[in-house]
Q: 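Before anything else, here's the structure in question.
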Amino acid sequence: MSNEKSMEILDLYRAKVMPTYTPSVAVASGKGITVRDADGRSYYDFTSGIGVQAVGYGNRKVTEAIQSQAAALTHCSNLFVNAPETQLAAKLVELSGLGGKVFFCNSGAEANEAAIKLARKWGHANGGRYEVVTFRQGFHGRTLATVAATAQAWCQEGYDPLPVGFAYADYNDLDSVKAAITDRTVAILLEAVQGEGGVTPATEDFLKGVRALCDERNLIMIVDEVQTGMGRTGTWFAWQGFGVKPDLFTCAKALGGGLPMGALVSNAKFADVFTPSSHASTFGGNPVAAAAANAVISVIEEDGLLENVAKVGALLKEALQSFVDKYDKLLEVRGKGLMLGLVVDGDAKEVVDALAGQGLLALTAGPHVVRFLPPLCLGEDDLEDAVDMISDALDNVFGE
Ligand code: PLP
């Protein structure tokens, strides 16, 4: 098959777009779990566009919601209110059960910035505190504050001076959290499953311990649900699977069904910390993105996708475990629901490239972990095909 059109697009991209990414596929369209490149080659997308296309590409209800809202109103500013954003706020509060309020923005980093700002605003009024404890191998975004919150050298290098006010602890290690807390600490920010840092789930004891510490020391517990939210791990928000309730959580990625949309959700205690003009975002609560998000939520509900994640996630994990049992160079499968990591004794990128060669797109999560984030609508038949592709790719890399 020719790759002429793809090459033309990739050449122009390399000449004119700043080289922060190094793509090798020019995607032209998508349907369900499949994307097609500009020359018609198709791939199973087990990245979901990095966790975004939870209900699959080109979902009819999401597409129709976008089309009809775009025809009615694309933007009106936050000097006015639009019905889709209020409906979405009410729904997020209901699904979370936290009884609070929502601030809308456009991305995960921006949602985490909002959480950090809210924590500081409350902390200054409650004991002059501003410091946020975050975790090694965590990931919270690429703005300066969220890079400072992301305790990974590759993310921070070259961007000094970073904003101050962050202290780092070890994930799943409560003593390390206790050691990082000072009189200045106002909040603890963490992922329930660390995504970019290697697909590492928190233990239930750890998250419960963090909750208890926050209660004892009057700290705000913030969970970053940017990658885990909207059903990825089998519950609407990953923290719901651990028997804890945060004070604040953030979501983005899958929320907008492919359109930029981020949200900070609070409990009742922190619902009115932001006051008029204290924070803002021009496009926050955009009616088209909010209409798409409302449609994403109804599709997850109506199509029983949370149940599907539990069922298909278990099957995928079982298949990956069988490869771990087969190849010495595969060390472990970990993760939750349809957020799974295959730990490699070697270069994860080599496996990701071999998977792409078989027609399946996956991600790395650090140098040694292959990350699978398929759409939540993945069916059992498609999973069988995918497992065959994974088997062939692993055979190419690790077979005799
Ligand atoms: N937080 C987590 C846990 C993420 O995985 C990401 C992105 O991968 C972000 C924040 C940043 O989100 P965005 O790229 O939408 O700013």
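Order of listing sets the numbers, starting from 1, for every ligand and every atom in it. Throughout, residue positions are numbered sequentially from 1 according to the sequence presented.
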Q: Is the CD atom of E216 crowded by more than 12 outside heavy atoms at less than 6.0 Å?
A: yes
Q: Check ligand 1 for N or O atoms under 3.5 Å from a protein N or O and list each pair with its distance.
A:
{"unit_1": "ligand 1", "atom_1": "1 (N)", "unit_2": "F139", "atom_2": "O", "d": "3.3"}
{"unit_1": "ligand 1", "atom_1": "1 (N)", "unit_2": "D224", "atom_2": "OD1", "d": "3.3"}
{"unit_1": "ligand 1", "atom_1": "1 (N)", "unit_2": "D224", "atom_2": "OD2", "d": "2.7"}
{"unit_1": "ligand 1", "atom_1": "5 (O)", "unit_2": "Q227", "atom_2": "NE2", "d": "2.8"}
{"unit_1": "ligand 1", "atom_1": "8 (O)", "unit_2": "E196", "atom_2": "OE2", "d": "3.3"}
{"unit_1": "ligand 1", "atom_1": "8 (O)", "unit_2": "K253", "atom_2": "NZ", "d": "3.2"}
{"unit_1": "ligand 1", "atom_1": "15 (O)", "unit_2": "G108", "atom_2": "N", "d": "2.8"}
{"unit_1": "ligand 1", "atom_1": "16 (O)", "unit_2": "G108", "atom_2": "N", "d": "3.4"}
{"unit_1": "ligand 1", "atom_1": "16 (O)", "unit_2": "A109", "atom_2": "N", "d": "2.8"}

Q: Taking the six-membered ring for Trp, is the centroid-to-centroid distance between Y168 and F135 below 6.0 Å?
A: no
Q: Examine the side chains of T228 and E191 and answer whether a donor and an acceptor come within less than 3.5 Å of each other.
A: no
Q: Under 30°, 30 to 60°, or over 60°: which ring-plane class applies to H279 and F103, parallel, tilted or perpendicular?
A: tilted
Q: Without swapping roles, check the side chain of K245 against the backbone of L98 for a donor-acceptor pair under 3.5 Å.
A: no
Q: Do K101 and F274 meet the cation-pi criteria used here (NZ or CZ under 6.0 Å from the six-membered ring centre, within 45° of the axis)?
A: no
